[in-house]
Amino acid sequence: MAHPPISAALSDGTIKRLIADGRIKIDPFDEAMVQPASVDLRLGSSFRVFHNHKVTAIDLREPPKNLTEHIDIADGEAFVIHPGEFCLGRTLEHVELPDDIVGRIEGKSSIGRLGLIVHATAGFCDPGWKGTLTLELNNLTRVPIRLYTGLPIAQLSFTGLDAAAERPYGHAELGSHYQGQVEATESRYGAPS
């Protein structure tokens, strides 16, 4: 009986080759952002901030609509995330994955050591993903943090699957809520497929 190939995290050389071949797409792409086993991603200009005053609670049986407000910052303008605040941001880069590779977004350790977390649970990028990546930003410190478009904020690593996904993200049967997103996107939990 044949065994499936062993899946492995992709190295810098493999990542660069797959990008050159067009199998992984990152736009804009800067080869200087490739690390030993990941690609650095930069902060985009789109954010979503929560309207805490509009709801008394988030009920997951009936999630509130319009809980966040979209904010776009200009180049050079700071976006300030206050102590204990949670907001959504997005990557500058648009990413597309083939049906046999998954991605995982993680914070950069230097950013984490300053008290900024870039994702709570949305670190997994399914095979077939297309779009910018929404960041779940949380300031764990007691001082405000200024963020700017274009700052390296996260890193994306890749792992090969043992076989191509039969129903990659975006497949008609899945009801993929975030395929093709271009700005920080609020939760679509409970939304019809």
Looking only at heavy atoms, which two atoms of [X] and [Y] are closest? And how far apart?
X	Y	result
G22	K25	O-CE, 3.4 Å
V118	G107	CG2-CA, 3.3 Å
L97	G103	CD1-N, 3.6 Å
E93	P28	CG-O, 3.3 Å
P98	I24	CD-CG1, 4.2 Å
L161	P127	CD1-CG, 3.8 Å

Note, [X] side chain near [Y] side chain (heavy atom, < 4.5 Å):
X	Y	value
F86	E136	yes
V39	I15	yes
P144	I81	no
L156	C125	yes
L140	L116	no
D40	V34	no
T91	I105	yes
I117	L137	no

ILVMFWY network linking [X] to [Y], side-chain heavy atoms under 4.5 angstrom:
X	Y	answer
L41	L147	yes
L92	I73	no
I26	L133	yes

From [X] [atom1] over to [Y] [atom2], what is the distance, rounded to the nearest 0.5 angstrom?
X	Y	atom1	atom2	answer
L18	F158	CG	CZ	9.0 Å
R17	D12	CZ	CG	11.5 Å
S45	I71	OG	CD1	11.5 Å
T149	D72	OG1	CG	8.0 Å
F124	R104	CZ	CZ	6.5 Å
T132	D27	OG1	CG	11.5 Å

Got more than 12 heavy atoms from elsewhere within 6.0 Å of CG, D21?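 For D21, atom CG is crowded (more than 12 foreign heavy atoms under 6.0 Å).
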Check the orientation of F79 and F47. Use parallel for under 30°, tilted for 30 to 60°, and perpendicular for over 60°.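 If you compare the ring of F79 with that of F47, the planes turn out parallel.
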Given the rule in the side-chain contact (heavy atoms from CB on, under 4.5 Å) test, do I19 and F29 qualify, once you have shown the distances and angles that lead to the verdict? CA-CA 9 Å; I19 291 171; F29 176 66; 3.5 Å; yes
Run the side-chain contact (heavy atoms from CB on, under 4.5 Å) test against [X] and tell me which residues pass, sequence neighbours left out.
X	result
A164	D99, D100
S38	Q35, Q155, S157
R146	A78, V80, Y148

Sidechain-backbone polar pair: N139 side chain, T141 backbone, donor-acceptor under 3.5 Å: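 It does hold such a pair.
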Show, in sequence, the C-alpha distance, side-chain angles and deciding distance for V49 and T68, and conclude whether the side-chain contact (heavy atoms from CB on, under 4.5 Å) test is met. CA-CA 5 Å; V49 296; T68 63; over 6 Å; no
Kindly indicate, with the supporting measurements, whether the criterion salt bridge (Lys or Arg N to Asp or Glu O under 4.0 Å) is fulfilled by E69 and R48. CA-CA 5 Å; E69 174 187 354; R48 292 202 80 87; over 6 Å; no
Carefully, step by step, assess E106 and H119 under the rule side-chain contact (heavy atoms from CB on, under 4.5 Å). CA-CA 7 Å; E106 297 290 346; H119 84 81; 3.4 Å; yes
